[in-house]
2 protein chains.
Amino acid sequence: MIDKSVKIDSFDLKILTALQRDSNLSQRDLAEKVGLSQNACWRRLQRLHSTGLIRGSHIDVDLSALGLDLTVFVMIRTRHHSKEWIDSFRDHVERLPEVIDFYRIGGEWDYLIKVVTRGMSGYDAFYQKLITNFDLATVTGFFSMEAMIDNRGLDLSRMR
Amino acid sequence: MIDKSVKIDSFDLKILTALQRDSNLSQRDLAEKVGLSQNACWRRLQRLHSTGLIRGSHIDVDLSALGLDLTVFVMIRTRHHSKEWIDSFRDHVERLPEVIDFYRIGGEWDYLIKVVTRGMSGYDAFYQKLITNFDLATVTGFFSMEAMIDNRGLDLSRMR
DNA sequence: GTTGAAACACCCTCAAT
DNA sequence: ATTGAGGGTGTTTCAAC
């Protein structure tokens with residue numbers, strides 16, 4: 001659980017924003033960018049890690065260069081709303097390797113899944129796995145024509 | 001432009017998968033994890049960078065701990081399909097700091113935007129900015145109740 | 001908060017196999 | 001592909017301000 005009482009100032013937001021853009025910045029470059037001494041910057045970074053505000057760091061892979069060239073947003077409506085059914089559906093979807101996002105949502109639909117596959121045949125294979133053993137009322141895929149922004153790091157200094 | 005002729009083997013996929021999970025792995029740990037010598041692993045890593053397969057690295061920030069606790073998937077239908085209109089709409093959306101994903105999609109809707117805000121009032125502020133000066137036929141927000149998977153790194157070894 | 005210095009770990013290269 | 005070793009760079013800690 002995260003300690004919500006952690007105090008964050010604009011230096012911290014600058015650190016987080018800079019490392020969202022490039023987590024391989026050296027301590028020297030990061031300190032210069034946020035306007036702190038290397039030492040002070042390093043201490044803040046430790047704090048951001050230990051409080052859980054920084055959850056980890058990850059490389060960004062060019063999936064389409066690997067042939068994973070189709071992104072689909074799958075909207076699902078179901079007839080089942082018991083806790084047991086939801087838990088088993090969650091387990092089912094989590095095991096599907098094509099899944100990047102999986103949200104339970106409100107409104108007209110129950111679930112939204114963001115999926116990456118090898119073209120349409122890969123999507124069909126995903127679809128077949130998805131509906132196996134699960135009674136879904138409606139499944140609709142919205143196919144990406146163009147990713148204008150994909151998982152952009154937020155400029156936290158501008159968010160408020 | 002990416003060189004699509006780059007040859008990738010299962011060692012490369014293991015490297016990419018491991019660094020998607022944690023890009024701060026030391027060369028020693030990474031080499032051990034994929035089953036290569038540190039030296040060989042380092043050379044592959046250079047190649048993955050120089051061919052553009054690794055686009056960069058980023059920290060993952062706990063946005064809800066910063067008060068950015070509402071995720072909304074916004075579906076948009078428009079009446080305009082000229083190149084000029086699309087370009088200016090793209091510029092407009094790219095300037096909105098709340099946007100994480102922005103896709104042009106096929107089917108019943110034209111655009112899908114993934115947005116993070118400070119609660120419902122933050123979403124309303126986003127919505128007002130979004131529709132200012134742009135004629136959108138339909139705008140519907142699907143509100144996240146629960147993020148079961150959020151931007152999961154794919155296990156590339158399992159994708160085919 | 002700052003600078004500066006020292007200890008340490010890691011990265012990168014190279015040579016040899 | 002591998003190991004091993006050296007030099008350079010960056011990180012981390014500490015002392016003093």
Side-chain angles (χ1 to χ4, degrees), chain A residues 2-62 65-66 153 155-160, chain B residues 2-62 65-66 153 155-160:
Chain A
I2 304 301
D3 180 0
K4 306 281 187 182
S5 68
V6 181
K7 288 286 168 279
I8 297 292
D9 66 12
S10 73
F11 284 120
D12 294 315
L13 292 181
K14 280 185 187 171
I15 291 172
L16 293 171
T17 300
L19 293 178
Q20 271 189 126
R21 270 202 280 273
D22 180 8
S23 67
N24 279 336
L25 281 174
S26 68
Q27 300 287 347
R28 191 173 49 76
D29 291 347
L30 177 62
E32 185 187 7
K33 185 161 288 196
V34 305
L36 283 172
S37 71
Q38 185 175 327
N39 201 320
C41 191
W42 181 85
R43 268 182 273 119
R44 281 169 181 271
L45 189 52
Q46 295 307 111
R47 185 163 149 279
L48 292 170
H49 269 110
S50 65
T51 55
L53 246 79
I54 297 178
R55 288 164 155 163
S57 43
H58 317 279
I59 59 166
D60 174 22
V61 175
D62 184 345
L66 293 175
D155 183 345
L156 299 169
S157 306
R158 293 177 61 204
M159 301 283 300
R160 135 107 70 214
Chain B
I2 304 300
D3 180 0
K4 307 282 187 181
S5 68
V6 181
K7 288 287 170 279
I8 297 294
D9 66 13
S10 73
F11 284 120
D12 294 315
L13 292 181
K14 279 185 187 170
I15 290 172
L16 293 171
T17 301
L19 293 178
Q20 271 189 126
R21 270 202 281 272
D22 180 7
S23 67
N24 279 336
L25 281 174
S26 69
Q27 299 286 348
R28 190 172 47 76
D29 290 347
L30 177 62
E32 185 187 8
K33 184 160 288 194
V34 305
L36 283 172
S37 70
Q38 185 174 327
N39 202 320
C41 191
W42 179 84
R43 268 181 273 118
R44 281 170 182 269
L45 190 52
Q46 295 306 109
R47 187 163 150 279
L48 293 171
H49 268 111
S50 65
T51 54
L53 247 81
I54 295 178
R55 289 162 154 164
S57 44
H58 317 278
I59 59 165
D60 174 21
V61 175
D62 183 345
L66 294 175
D155 184 346
L156 299 168
S157 305
R158 293 178 61 204
M159 301 283 300
R160 134 111 63 221

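So that the names make sense, note that chain A is the first sequence line, chain B the second, and so on, each numbered from 1.
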Starting at atom CZ of B:Phe11, determine the distance to atom P of D:dA1, rounded to an integer number of angstrom.
8 Å

Proximity to the side chain of A:Gln38 - top-ranked nucleotide from C:dG4, D:dT3, D:dT12
D:dT12

Of C:dC11, D:dT11, C:dT3, the nucleotide closest to the side chain of A:Gln27 is D:dT11

Closest nucleotide among D:dT12, D:dA15, D:dT2 to the B:Leu36 side chain:
D:dT2

Starting at atom CG of B:Asn24, determine the distance to atom P of C:dC11, rounded to an integer number of angstrom.
10 Å

To the nearest angstrom, the CG-P distance between A:Leu25 and D:dG10 comes to 12 Å

For B:Ser23, does its backbone N or O pair with a side-chain atom of A:His58 as donor and acceptor, under 3.5 Å?
no

Using only atom types and a distance under 3.5 Å, with no angle test, would you say the side chain of A:Thr17 pairs donor to acceptor with the backbone of A:Asp155?
no

What is the distance, rounded to the nearest whole Å, between atom CZ of B:Arg28 and atom P of D:dG4?
15 Å

Nearest-Å distance, CH2 (B:Trp42) to P (D:dA1)?
13 Å

CD (A:Gln46) with more than 12 external heavy atoms under 6.0 Å:
yes

Any N/O donor-acceptor pair, A:Asp29 side-chain to D:dG10 base, under 3.5 Å
no

Between D:dT12, C:dC12, C:dT2, spot the one nearest the side chain of A:Arg43, thanks.
C:dT2

A:Arg47 atom CZ, neighbour heavy-atom count above 12 within 6.0 Å:
yes

If the test is side-chain contact (heavy atoms from CB on, under 4.5 Å), which one of B:Asp9, B:Leu16, B:Val34 qualifies with B:Arg44?
B:Asp9

Expressed as a whole number of angstroms, how long is the span from B:Leu30:CG to C:dC12:P?
12 Å

Among C:dC14, D:dG10, C:dT13, find the nucleotide with the atom closest to the side chain of A:Ser26.
D:dG10

What does A:Ser37 touch in the nucleic acid at a heavy-atom separation under 4.0 angstrom: a base, only the sugar-phosphate, or nothing?
base

Measuring only the C1' atom in each nucleotide, how far is D:dG7 from C:dT17? A whole number of Å is fine.
22 Å

Rounding to a whole Å, what distance do you find between B:Leu45:CG and D:dA1:P?
13 Å

Write down the distance between CD (A:Glu32) and C1' (C:dT3), rounded to a whole number of angstrom.
16 Å

Between D:dT2, C:dC14, C:dT3, spot the one nearest the side chain of B:Asn39, thanks.
C:dC14

